[in-house]
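In the text below, chain A, chain B and the rest are named by the order of the sequence lines, each starting its count at 1. Since the model is a prediction, treat every value here as computed from it, not as a measurement.
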There are 2 protein chains.
Amino acid sequence: MLDDLNERSKQILEAIIEDYIITAEPVGSRTITRRHPFALSPATVRNVMSDLEEMGFLASPHTSAGRVPTDKAYRFYVDSLLAVRQVSRSERDEIRRRCRINGHDIGSVLRDTSKMLSYISHYMGVVVAPRFAAAVLRQIEFVQLSGRRILVILVAQSGTVQNKIIESDEDISADDLNRMTNYLNGLLQGLTIAQIKSRIVEEMENEKTRYDRLMAKALELSQQTVGDADSEIFLEGRVNIMDVPEFADIGRMKEIFRAFEEKNQLVNLLNRCMDADGINIFIGSESRVSQMSDISLITSTYRTGRNSIGVLGVIGPTRMGYAKVIPIVDYTARLVSRLLESE
Amino acid sequence: MLDDLNERSKQILEAIIEDYIITAEPVGSRTITRRHPFALSPATVRNVMSDLEEMGFLASPHTSAGRVPTDKAYRFYVDSLLAVRQVSRSERDEIRRRCRINGHDIGSVLRDTSKMLSYISHYMGVVVAPRFAAAVLRQIEFVQLSGRRILVILVAQSGTVQNKIIESDEDISADDLNRMTNYLNGLLQGLTIAQIKSRIVEEMENEKTRYDRLMAKALELSQQTVGDADSEIFLEGRVNIMDVPEFADIGRMKEIFRAFEEKNQLVNLLNRCMDADGINIFIGSESRVSQMSDISLITSTYRTGRNSIGVLGVIGPTRMGYAKVIPIVDYTARLVSRLLESE
DNA sequence: ATTAGCACTCCTTGGTGCAGAGTGCTAAAC
DNA sequence: GTTTAGCACTCTGCACCAAGGAGTGCTAAT
């Protein structure tokens with residue numbers, strides 16, 4: 001079906017998409033012939049456009065408006081037409097300038113990355129913190145806040161820190177707490193959180209530990225801490241989408257903000273991106289999230305070693321500068337990967 | 001000047017404000033007499049309203065609209081007219097249900113608190129994390145990520161955790177790192193971060209430490225970590241203000257969102273609230289932030305012991321249900337104070 | 001001091017009429 | 001057979017106007 005498109009149709013489709021990306025106005029046959037040196041008359045273009053509409057690549061808001069690319073058109077554009085630009089030297093510098101790890105915690109680095117993405121793309125930046133369940137434990141620490149209230153700090157290999165306050169049902173002496181810490185570090189270091197969960201259960205049933213009150217206690221406490229935390233999401237540059245003319249009406253805007261405020265849906269969507277390595281693009285309805293019509297998502301995974309550990313990207317209108325944004329997301333993901341490498 | 005207001009005028013002003021809070025429409029003389037059993041004719045009310053306008057309590061958008069309370073009117077209302085309600089039993093339950101500390105880190109607790117404030121008030125909730133500079137250090141930990149990259153974890157008395165990644169200019173052995181940790185904990189525990197800063201400088205000039213490479217190194221590293229972090233702000237429920245009719249136009253909305261996205265201004269404003277203990281109310285222009293016209297801020301400080309350590313509150317239109325929101329903010333601040341007490 | 005009455009002002013809503021942009025079709029040109 | 005010029009038609013956006021409604025301010029009567 002896509003093969004039906006001859007070279008000329010492709011060129012015209014591309015011209016329409018690129019024009020629409022710039023102007024955000026339905027584009028008519030005249031406009032195309034004026035802005036592109038095709039040596040074709042408007043009438044011819046009209047015929048081609050009519051065909052393209054038939055095939056589902058274009059839609060007309062109403063009879064006498066120009067035409068607008070459909071999600072299908074963008075998909076085709078991204079897959080076949082688009083010549084991905086390289087990140088320019090100045091963009092690279094800008095990106096690196098805004099992502100510095102030294103003297104910060106991982107959280108701020110990721111937030112800054114998200115801000116950078118939004119700033120540079122003029123849309124929204126999104127970064128999902130490394131999912132902790134897959135993280136490898138480097139160290140566990142207990143800090144006593146009061147007799148029974150204990151602060152547990154988990155440090156992952158990547159430098160991500162997670163902490164929780166838990167309540168013990170009895171007082172624990174500082175000495176005991178120390179012994180527990182050592183015991184648990186020996187037992188759990190180097191395992192992923194997922195592995196740790198089952199390891200704890202295993203160990204709890206172990207004869208030796210069952211009768212050692214202290215160890216039993218330690219296991220019980222650590223079990224409280226490794227509950228599944230939902231990974232943090234840094235969504236920055238919300239205001240940018242207020243400048244997008246497609247979303248200028250207050251109702252639509254409200255809908256979008258509501259969808260992103262309650263982050264569940266976004267989490268699900270981004271988790272889907274985790275599965276596929278590298279660049280991932282959802283165009284409009286492809287995301288299967290109803291509020292995401294006219295919204296596209298460009299993501300890439302970042303990794304330590306061979307494992308993808310998180311996702312970052314840009315959220316904008318389907319009418320987005322793909323040629324510019326895709327390489328930026330790609331480059332940023334590589335950069336973050338490198339930053340998080342512990343070496 | 002305020003004494004000029006006789007009982008009747010006050011009643012009418014109160015009626016206008018409360019009507020306007022509910023309807024968001026300029027209120028006319030007819031409406032007042034209909035909704036309130038004053039036994040006064042519209043004409044009389046008109047005369048009073050005219051006086052009130054003269055005195056700066058009311059303004060008319062245009063000749064033939066009703067009248068709208070000014071910031072001055074709200075201020076008078078809040079100070080003199082308002083009978084603050086108690087938090088209802090069910091509100092109390094709701095608030096407590098949504099603020100649980102067990103099994104979470106302080107950050108999530110504060111975020112949840114902010115969400116709760118926005119949910120219950122229908123406006124935006126804001127919570128400023130305890131400012132770290134005033135916090136008392138409970139413990140410092142170093143975790144080696146790689147030879148030179150070190151994760152520093154600071155735990156405050158309140159259970160707040162701050163961590164940073166720093167880069168050392170030479171490799172440090174695990175043993176040395178341990179010794180450094182012990183040394184620093186002995187030196188710095190129980191001091192506030194502010195005190196720690198000067199203590200480090202002091203110690204660096206000390207004869208003993210100057211010639212002990214390890215200690216000198218430790219001081220140098222710790223100095224990197226106690227740089228002034230800007231306190232985190234949890235601003236939740238942004239969408240709620242999209243439902244406020246005053247802000248329904250896209251330009252105004254953009255302005256507001258932009259003002260809150262760049263959090264500096266908000267930080268300054270909230271810091272001002274830190275200075276005064278307890279409830280603090282900024283009405284519209286009182287905040288001296290230009291984008292905050294028609295926006296009010298109700299805050300209260302929360303504390304451990306005698307010290308205010310943070311601020312929380314609600315941001316909404318000046319046309320806000322003060323009678324309901326003020327006690328909610330007050331109650332929440334007390335609750336958070338109690339939660340953070342380490343005992 | 002209060003109120004009824006009335007003229008006046010201003011916003012809102014709905015209708016009308018054009019100008020502009022774009023299409024689809026047909027017939028002519030290449 | 002493809003391309004193009006020409007033309008009728010459609011739809012939006014905008015300006016303009018008129019009528020209706022809400023509310024005020026003033027004056028004169030109670």
Side-chain angles (χ1 to χ4, degrees), chain A residues 4-13 15-17 19-20 22-70 73 245-246 248-250, chain B residues 4-13 15-17 19-20 22-70 73 245-246 248-250:
Chain A
D4 291 358
L5 287 181
N6 57 29
E7 201 48 40
R8 198 180 63 182
S9 306
K10 285 186 193 171
Q11 275 183 23
I12 291 178
L13 181 56
I16 293 172
I17 292 174
D19 210 82
Y20 186 66
I22 295 169
T23 64
E25 296 289 325
V27 4
S29 50
R30 270 295 303 279
T31 328
I32 288 297
T33 55
R34 241 185 295 123
R35 279 207 257 267
H36 288 261
F38 284 140
L40 287 177
S41 76
T44 314
V45 172
R46 272 208 289 283
N47 289 327
V48 176
M49 283 168 88
S50 182
D51 295 346
L52 287 170
E53 179 162 6
E54 189 93 5
M55 286 187 271
F57 289 110
L58 295 177
S60 19
H62 59 86
T63 343
S64 75
R67 280 172 169 101
V68 165
T70 60
E246 286 96 306
D249 102 290
I250 204 90
Chain B
D4 292 358
L5 286 181
N6 57 31
E7 201 49 40
R8 199 180 62 181
S9 307
K10 286 186 192 171
Q11 274 183 24
I12 290 178
L13 181 56
I16 292 173
I17 293 174
D19 210 81
Y20 186 65
I22 295 169
T23 64
E25 296 290 324
V27 5
S29 51
R30 272 295 302 280
T31 327
I32 287 298
T33 54
R34 239 185 296 123
R35 280 208 255 267
H36 288 261
F38 284 140
L40 288 176
S41 76
T44 314
V45 173
R46 272 207 289 284
N47 289 329
V48 176
M49 283 167 90
S50 181
D51 295 346
L52 288 170
E53 180 162 6
E54 189 93 6
M55 286 187 271
F57 289 110
L58 295 178
S60 18
H62 57 85
T63 344
S64 76
R67 282 177 171 98
V68 164
T70 60
E246 285 97 307
D249 101 290
I250 205 89

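- For A:Ser41, a side-chain nitrogen or oxygen approaches OP1 or OP2 of D:dT4 to under 4.0 Å.
- Contacts between residues 23-32 of chain B and DNA chain C, counted as heavy-atom distances below 4.0 Å, involve no residue at all.
- Taken from CZ in A:Phe57 to CD1 in A:Ile17, the straight-line distance is 9.0 Å, to the nearest 0.5 Å.
- Here the P atom of nucleotide D:dA5 and the CG atom of A:Leu40 are 11 Å apart, to the nearest Å.
- Bounding nucleotides for the chain B contact on DNA chain C, 5' to 3', at a heavy-atom distance below 4.0 Å, are C:dT2 to C:dC11.
- To the nearest angstrom, P of D:dG23 lies 10 Å from CZ of B:Arg46.
- Contact record, B:Pro245 with B:Ala24: CG-CB, 3.8 Å, taken as the closest heavy-atom pair.
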Test A:Val27 against A:Arg35 for side chain to side chain contact (heavy atoms under 4.5 Å, CB included), laying out the working first. CA-CA 11 Å; A:Val27 4; A:Arg35 279 207 257 267; over 6 Å; no
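- In terms of modelled atom types and a separation under 3.5 Å, the side chain of A:Thr70 and the main chain of A:Ala73 share a donor-acceptor contact.
- Residues B:Pro42 and A:Ser60 each lie close to DNA chain C; by heavy-atom proximity, the contact nearer the 5' end of the strand is made by B:Pro42.
- Comparing D:dA22, D:dT10, D:dA5 against the side chain of A:Thr63 picks out D:dT10 as the nearest.
- Atoms CZ and CD, on B:Arg46 and B:Glu53 in that order, are 13.5 Å from each other to the nearest 0.5 Å.
- Judged by closest nucleotide on DNA chain C, B:Thr44 is the one of B:Thr44 and A:Glu53 placed further toward the 5' end.
- Considering every non-hydrogen atom in both B:Pro61 and B:Val68, the closest pair reads CG-CG2, 4.1 Å.
- Judged by distance alone, the side chains of B:Asn6 and B:Ser9 do bring a donor and an acceptor atom under 3.5 Å apart.
- The distance from atom OG1 of B:Thr31 to atom CG of B:Asp19, rounded to the nearest 0.5 Å, is 6.5 Å.
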